Structures are given as structure tokens and as C-alpha cells.
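No experiment lies behind these values; they were computed from the predicted model shown. Below, chain A is the first sequence line, B the second, and so on; all start at residue 1. Excluded from the calculations below are hydrogen atoms, water molecules and symmetry mates; all remaining heavy atoms, backbone and side chain alike, are included.
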Number of protein chains: 2
Amino acid sequence: MKNISEENYLKAIFILSGKNDQEVFTNDLALYLSNKAASVTDMLKKLAQKKFVSYKKYSGVTLTEQGKKKAIDIVRKHRLWEFFLVNQLGFTWDEIHEVAEQLEHIQSDLLIERLDAYLRFPQSDPHGDPIPNRNGKFKQTNSKALAELAERSNAIVFTVTDKPDLLRYLSKIGIALGTKVKVLEKIPFDNSLLLQLNGKNKIQVSADIAKHIKVQL
Amino acid sequence: MKNISEENYLKAIFILSGKNDQEVFTNDLALYLSNKAASVTDMLKKLAQKKFVSYKKYSGVTLTEQGKKKAIDIVRKHRLWEFFLVNQLGFTWDEIHEVAEQLEHIQSDLLIERLDAYLRFPQSDPHGDPIPNRNGKFKQTNSKALAELAERSNAIVFTVTDKPDLLRYLSKIGIALGTKVKVLEKIPFDNSLLLQLNGKNKIQVSADIAKHIKVQL
DNA sequence: ATTATATTTTAGGCAAATCTAAATTATTTT
DNA sequence: AAAATAATTTAGATTTGCCTAAAATATAAT
């Protein structure tokens, strides 16, 4: 159970660098990990020395092949455990994140292979994110943030970031994976959205929330 | 995932102090945990300060009520996970220990309650050891070390300590939980035993091994 | 192109958990 | 009961991952 911190950094870099492997910046990492920028710099140097990231002072980091492989492995574990928690143990959306954060660091290839098989090789986790297979392959989905949709467009809720508070709130206002949303109006002042859910009830969501909801067109 | 080290110490003290809560000594702990005695002393002071153990220099430790409760909780988690690994994921005897050592430190009461229910509240783990219930209660079994049996006595193998090497060896020579053993002969020179298994094949085991096998009369 | 602001890095420290080597206390032997 | 041996503790270091405050660099604004 060593290297938990390193693993969290690699995963964070992977997630923040998005589909195109963009550089990730110190402050963003610090924010995401709830650490201070100085600590991030320290760790980036260590990760660079171990060849898990390419790092040049003042210009952000990217994962090396090796680092990306590790990161994907952790994401795989995280999502498999989330699937297990929801589908076998009856956890709800908002209860799983914290536990999966811990379980993802359990070190045992055998365990993950067996778990994967036990769950019948699921393709996506309870948030709708793809679960990489044992070779690190997973299908990218072409999704957008809800916040980026134009007025009048229709879409289907696809992924939601892993924040318990948000998840609880969304459940409450009726947004779940698979919910059909139509953007009725974008309020220019604060970029909040007026949505219609499944062709029925109308709700208002802030721009901030809309950024955290991914949809498929 | 903090306090892993503390948890390991508490569990070790619990296990080494046996049924009668005997004091546990620094060197024994050091040996069991693969640490140095000096490190053990350091940690004992810290645990004493937190009121998890009663510790007086040079005279061993015992768990306080509080400490014992924590220790039992960890044992409960360890054994539940072992049960899960064997009965759901198809692990064998000798593959589970290392993984359970990690899983036992996952921090989530909800997880353990759900897992317990999912497994239908098992009473004992794959080694035959009792699994404490949510209140820390479990039935003590009156078992003895095989090494302590007199010649001609019969017994049933009940528990085996958690060392992968030993477990693999025992599987190989035909000893499993539930195996009936009869002590045919005790060799006085080295205290090794000549055993008959299930009324059939005869095997020889060293005193060292016989100490690690618990039997029921 | 300077200046102001924001970001990132360096320097120096701290707490946890471990270690080695030396000192202390207990136990066993003669 | 003194001496020898064994067990335990203390003292002082090391490593990891984090921190604050100050310095350096990059970016934006005038």
C-alpha cells in the first residue's frame, strides 16, 4: 500500500489532461488534489525522476507512456470497484466515491482480474465513464459538457463528475444517467440554463453545475 | 487511509495476546511485524498516549478496552474480506492473506455492513477463525495447537495461521480444514509428529509446523 | 516595453514511521 | 549476589509527503 500519493497524482494528471493529453498545470493539480502548489512541484520532480511524467519548470506536465499506463490502471480499478459497490452491494451514486478512492489503491493484479470476471467485464461505471480493460483500452465517448450546448439542442445525460454533494443534488432535482435534457433557454447574465427533463418538468441549473454534467448528443 | 501502521500494531497485539489478554513483549511484536524493537517502542508510546494500550517500560503491553475494540474491528474486516475472496472470487487459501492485509484498512462502516450482509453474515473465515459480528462478539473456540496433543489422541484440523508458504505446503501433504488427524507417534528427539490423516495416509510433520496448526478435540 | 499581477519554484521546516548504535534495565547462570 | 546475557529503551538519523514564506519566472495590462 505504498505510493498512494504518487498514484493519486498520476490519476489526477490523467483526468485533468483530458482526451488530447494536454499539459496540466501546477495550480490546477493543487486545487484538484487539495494540496498546495509547492507540494505539487515537489511531487512532480519526483515523478519526473521516475519517468512517469515529462516535466519542465514553469510549463506544466504530461504523462509518459509509462505514467499513462499506471494512471489508466488506477482508473480501471476505481471504476471497477464503483461498479461493484453499486451493482453488488447496493450503494447509491453518491456513496461510492470516497470508498472507491481507497479501494483503487489495493495492490493485487489477481484481485482485479478476478473482480473483473466476477462482474462480467463491465464496460462502464455507475457514472457512465468507460472502464478500461486489462490492456488499458477503453472507448472514448464523444460527449460535451451540458454548459456548452446551444439553445434548443437535445441531449442525454451521460456522465457526472464524482462529487457526492453534486450527485445528491442532481438526484433530488431529477437528473440521472440517461435523462433526456433539452436546453430551453440560456440566461446570458449568469450562463445558467433552463432545462426540460424527459420532455416534462422544467428546471433551472447554474452554469457551474452545467459544467460538471456531460451529455451525449 | 491514515493510521495503517497503528492498526497493524493493534491487530498484532490482539493476536499475540491470545485468549487471556496476556501482555505482549516488544521483541515478539517486532518479530511479528518485521520491524525493529526500537520502532516498536516508539509506536507503543504513541499508542499509550492515545489510550489504546497500557504500557509500562520494560513490562510489555496490553490493549485497553478502546484498543481492543479497534483491534477486533480490524480482525473482523480482515476475515470478512478473506471470506469474500475465497467464496466469491475463487481465491485459494494461500492467495488471500496479502490482499486481506490491505483490504482490512479500508475505512467505511457502510462498506463492511453491506459486505457482511452480502456474504450472509458468515461465522468463520477460510482458515476456520471466527469472524466477529458488528458488535465485536465472536465465539471463542476451544482449540489446541497440534503440537500439544498427546500420542494416540484424535482431533480435527481447525485453524491454520496465515502464512502462504505454510498453507501451500499443507495443501500439498493433504492437510486442510476439517482433516481428521491421529497422533501415532511423537518423536522425543525433535518433537516431530507421525500423523495419520482421515484414517488413511501417514505423514510426518515437524514440531515447528505442528505449532501452527490448531485442532479441535 | 514597463509595470503589475498571477503562477510556479526554492528554501527551510515539520510530523510520521522507520532505522542503527549505544545505553539502560531485566533475567539467567554460575 | 556478581557476572554474563538478553531484552528494551534512548538518542540521533533518514525518508516521505506535506507545509509556509520568500524568490523567481511568466503573463497580462497599461
Side-chain angles (χ1 to χ4, degrees), chain A residues 1-14 16-18 22-63 67 70-71 74 98 101-102 104-107, chain B residues 1-14 16-18 22-63 67 70-71 74 98 101-102 104-107:
Chain A
M1 207 94 104
K2 294 263 77 263
N3 308 336
I4 289 183
S5 203
E6 272 182 21
E7 292 190 350
N8 283 333
Y9 273 87
L10 293 176
K11 190 178 63 147
I13 296 166
F14 178 73
L16 294 179
S17 62
Q22 289 154 308
E23 312 94 19
V24 176
F25 296 97
T26 304
N27 268 357
D28 297 332
L29 270 172
L31 185 68
Y32 186 84
L33 293 166
S34 303
N35 283 347
K36 295 298 148 93
S39 312
V40 173
T41 302
D42 284 351
M43 183 60 96
L44 291 184
K45 284 194 235 169
K46 193 178 312 175
L47 291 174
Q49 208 200 306
K50 293 191 178 181
K51 313 277 192 209
F52 290 136
V53 300
S54 309
Y55 169 63
K56 227 185 63 198
K57 273 193 195 180
Y58 294 102
S59 45
V61 262
T62 54
L63 293 170
K70 272 221 164 195
I74 302 170
E98 216 189 333
E101 280 299 294
Q102 297 180 62
E104 73 188 6
H105 299 295
I106 300 291
Q107 226 69 56
Chain B
M1 211 92 103
K2 294 260 78 267
N3 308 334
I4 289 183
S5 203
E6 272 184 22
E7 292 189 352
N8 283 332
Y9 273 87
L10 292 175
K11 190 179 64 146
I13 296 167
F14 177 73
L16 294 180
S17 62
Q22 289 154 309
E23 311 97 15
V24 176
F25 296 97
T26 304
N27 268 355
D28 297 332
L29 270 172
L31 185 68
Y32 186 83
L33 293 166
S34 304
N35 283 347
K36 294 298 148 91
S39 313
V40 173
T41 302
D42 285 350
M43 183 58 98
L44 292 184
K45 283 194 235 168
K46 192 179 313 176
L47 291 173
Q49 208 200 306
K50 293 191 177 181
K51 311 276 191 212
F52 289 135
V53 300
S54 310
Y55 169 63
K56 228 184 64 197
K57 272 192 197 181
Y58 295 102
S59 44
V61 262
T62 54
L63 293 169
K70 272 222 165 193
I74 303 177
E98 217 189 332
E101 281 299 294
Q102 297 180 62
E104 73 189 4
H105 300 294
I106 301 291
Q107 227 69 57

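In this structure, A:Asn8 places its CG atom 17 Å from P of D:dT16, rounding to the nearest Å. One can place OH of A:Tyr58 at 10 Å from P of C:dT8, the figure rounded to the nearest angstrom. Protein atom CD of B:Glu7 is 16 Å distant from nucleotide atom P of C:dA16, rounded to whole Å. Atom-to-atom, CZ of B:Phe25 to C1' of C:dT25 comes out at 14 Å; the value is rounded to the nearest Å. Between the CD atom of A:Glu23 and the P atom of D:dA26 there is a distance of 15 Å, given to the nearest Å. Atom OH of A:Tyr55 and atom C1' of C:dT10 are 10 Å apart (whole Å). Put simply, CE on A:Met43 is 18 Å from P on C:dT8, counting in whole angstrom units. Straight-line distance from the NZ atom of A:Lys57 to the C1' atom of D:dA24: 9 Å, rounded to whole Å.
The shortest side-chain heavy-atom distance between A:Leu47 and A:Val61 does not fall under the 4.5 Å cut-off.
Between C:dT9, D:dC18, C:dT18, one nucleotide has an atom nearer to the side chain of A:Tyr9 than all others, and that is D:dC18. Closest to the side chain of A:Asn27, from the set C:dT7, D:dT8, D:dG17, is C:dT7. If you check C:dT20, C:dA16, D:dT20 against the side chain of B:Lys46, the one that comes closest is C:dA16. Out of D:dT20, C:dT9, D:dT8, the shortest distance to the side chain of B:Thr41 is found at D:dT8.
Salt bridge status for A:Glu6 with A:Lys70: absent, with no side-chain N to carboxylate O gap under 4.0 Å. A salt bridge does not link A:Glu23 with A:Lys56: every distance from a Lys NZ or Arg NE/NH1/NH2 to an Asp or Glu carboxylate oxygen is 4.0 Å or more.
Within the structure, every side-chain polar atom (N or O) of A:Ser59 is placed at least 4.0 Å from both OP1 and OP2 of D:dA26. Distances shorter than 4.0 Å separate some side-chain N or O of B:Lys45 from OP1 or OP2 on D:dT10. In this structure, B:Ser39 does not reach the C:dT18 phosphate: none of its side-chain N or O atoms is under 4.0 Å from OP1 or OP2.
As judged by a 4.0 angstrom heavy-atom cut-off over every strand, A:Ser5 is placed among residues touching the sugar-phosphate backbone only.
Taking A:Ala38 as the reference, nothing meets the side chain to side chain contact (heavy atoms under 4.5 Å, CB included) condition, with sequence neighbours excluded.
Counting distance only, with no hydrogens placed and no angle test, the side-chain atoms of A:Asn35 and the base atoms of D:dC19 include no donor-acceptor pair under 3.5 Å.
B:Gln102 contributes a side-chain N or O that, together with a main-chain N or O of A:Gln107, makes up a donor-acceptor pair within less than 3.5 Å.
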